[in-house]
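Worksheet for the structure shown next.
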Amino acid sequence: MVDRRRFLKGAGFMAAAGCVPPRLLAHDMHAMKPVAAGQVGNDLCMHAMGDTTKMPGLVDPAKLTPFVDALPLPPVRRPAAGDTLHVRMARSSQKLHRDLPPTELWTYDGHYPGPTIEARTGTPFDVVWENALPTTHFLPVDHAICGAEEDKPQVRAIVHLHGAKVPHADDGYPEDWYVPGTSRRHRYPNAQDAATLWYHDHAMGINRLNMYAGLMGLYLLRDEHELSLGLPSGEFELPLVFADRLLRADGRLYYPDSGDAKAPWVPEVFGNLTLVNGAILPRADVQPRRYRLRVLNAANGRFYHLRFRDGRPFQVIGSDQGLLAAPTTMRSIFLAPGERADIVVDFAASKGTAVELMNDALPLMRFAVGSGQVRDDSRVPEVLRELPRFTESSASKARELTLDEYSDCVATPMLMLLNGKRWHDPVTETVKLGSTETWSLVNLTEDTHPIHLHLVRFQILDRRPYDVDEYMEKKTVRYVGPAQVPPPHERGWKDVVQAYPGMVTRIVATFDGYAGRYAWHCHLAEHEANEMMRPLEVVA
């Protein structure tokens, strides 16, 4: 609707020859209004750069032979208490499909994804992250973006352990980047419940490029309770890291840009190839029994709607921050960038057949089920753990925070903000250590934004439709429908929440652990890079 759109009207944005604005400056903010962007999901990248997946010279997935490559499994590192792991970020090359040339990537320890780090609750250790990357970037850096200005080194890195409760100095704060030839030591206390965590680059203004280049890996935290449940384990537990990419025919990564060399940033990036653990359309050879799948959506912008081609049910036993209270049976699951799902699927009735995992109608990988007799002692208990639910009265403070998007005069998104604030504006989310707060995320855009809070885990209280136009005019929330409680697979502990368009999404978190400055942001990497990220101050 036109009356929901806010456009740039400042002098200098309406050129006589057309309407192609430069990157927005702070003093232009008074002339901007949030605009509804296109729905972020499985749509192709269709903004100013057009449909990049149809560009000549890019690999067409339909021309690749499917299911010929074995599913890669990242190497596993299991540090003991007091150990120090050394992990090296460097340029490497990796074949993403049998029929393609090797692709240059930036990886942790020479692998994409990086090594899976398996930790135990109560067993702290250090990781020294060495930056041995090149000094120039091979993807298009936008120096008009906050934190990536011309005076900053092109290549910088900082590792964020996503979902971890760690001191500020070890969190991977976006401004704590360091350059090639240097290292950073992080200490991970592992003082939290078992969960599927992951690590990735978080350098201010360029983490969208560093992640696309390959800087990410899984971090599985285990505890005695989880290990006692009898869930599938060992070779019957498979990590599945999904991320989409565009590739040139010679194997090189292609990252789309706006066509403006001085402002190459684009609002979203979607690829036509999905990598599963770094392979395109791989095959996993499995036995006819239960498997536990540790699923991560590590894409920059793509949402994955996962299902099996034959419609078979599976059990979801955990979300971002660990086990649910009880398993829930589903036939599909929708995961935003940054979200994880812990899934158990039973192949016992599929001896000698092939089972395909799909994203909507597109195949992602195949499970080739053996025909032999196997013994399966694993189980999925009816009760996984005790998990008290927050209520509205659990919180001592409530905040109302808007999700905003700003557009040029042809409705191309140019800037995303949280609560109308830029990264360097004074901190407005100051919370007391140990306090419990409700955050109401008022989505003024037409995107679904996956919102991530560092340091804490939270629960989704509800989502409720409201009158967006009235809010734009009067800054008051008028609900137009009943509150919707989260579905069972979202009722566990989370650290990413899908904030739907036209809805107020309420989450409740206790800010325990450590005092210090952290971040909260949209986990669409291109949004986050262009200021849809804010500091969060936890005070003792």
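Every value quoted in this text rests on a predicted model; they were computed, and no experiment measured them.
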(message) Under the side-chain hydrogen bond (donor to acceptor under 3.5 Å, both in side chains) test against H521, which residue among H454, H452, H449 passes?
(response) H454
(request) Go through the structure and list residues passing salt bridge (Lys or Arg N to Asp or Glu O under 4.0 Å) with E118, not counting sequence neighbours. (result) R78, R222
(request) Report yes if the distance between the aromatic ring centroids of W520 and F458 is under 6.0 Å, otherwise no. (result) no
(message) Just to verify, what does H137 make a ring pair (Phe, Tyr, Trp, His ring centres under 6.0 Å) with, not counting sequence neighbours?
(response) W106
(request) Under the side chain to side chain donor-acceptor pair (under 3.5 Å) rule, collect the residues that match up with T116, sequence neighbours excluded. (result) none
(message) Please enumerate all residues that pass side-chain contact (heavy atoms from CB on, under 4.5 Å) together with L362, with sequence neighbours excluded.
(response) none
(request) List for me each residue that meets side chain to side chain donor-acceptor pair (under 3.5 Å) alongside R331, sequence neighbours excluded, and say none if there are none. (result) none
(request) Answer yes or no on whether R457 is positioned over the face of W493, meaning its NZ or CZ is under 6.0 Å from the six-membered ring centre and within 45° of the axis. (result) yes
(request) Would you mind checking if D310 and R312 are paired as a salt bridge, meaning a charged N to carboxylate O distance below 4.0 Å? (result) yes
(request) For F367, enumerate each residue passing the ring pair (Phe, Tyr, Trp, His ring centres under 6.0 Å) test, keeping only those at least two apart in sequence or located in another chain. (result) F347
(request) For D285, check side chain to side chain donor-acceptor pair (under 3.5 Å) against everything at least two apart and list the hits. (result) R283
(request) Please determine, by modelled atom types, if H305 and N359 share a side-chain donor-acceptor pair under 3.5 angstrom. (result) no
(request) Could you tell me whether the side chains of S258 and D260 share a donor-acceptor contact shorter than 3.5 Å? (result) no
(request) Without swapping roles, check the side chain of N300 against the backbone of A525 for a donor-acceptor pair under 3.5 Å. (result) no
(request) Tell me, please, which residues at least two apart from Y255 pass ring pair (Phe, Tyr, Trp, His ring centres under 6.0 Å). (result) Y212
(message) Does this structure show an ion pair linking E531 with R422, if we count only N-O contacts that are shorter than 4.0 Å?
(response) yes
(message) Taking the basic N atoms (NZ, or NE/NH1/NH2) and the acidic carboxylate oxygens, is any pair closer than 4.0 Å for D346 and R289?
(response) no
(request) Any pair with a residue in residues 313-322 that passes salt bridge (charged side-chain N to carboxylate O under 4.0 Å, His left out), sequence neighbours left out, goes on the list, sorted by first then second residue, please. (result) D320-R340, D320-K494
(request) Only counting residues at least two apart or in another chain, list the ones meeting side chain to side chain donor-acceptor pair (under 3.5 Å) with W439. (result) E437
(request) Would you please name every residue forming a ring pair (Phe, Tyr, Trp, His ring centres under 6.0 Å) with H200, sequence neighbours left out? (result) H160, H162, W198, H202, H523
(request) Please collect all side chain to side chain donor-acceptor pair (under 3.5 Å) contacts where either partner lies in residues 63-72, sequence neighbours excluded, each pair once. (result) none
(request) Measure from the ring center of Y304 to the ring center of F242 and say whether it is less than 6.0 Å. (result) yes
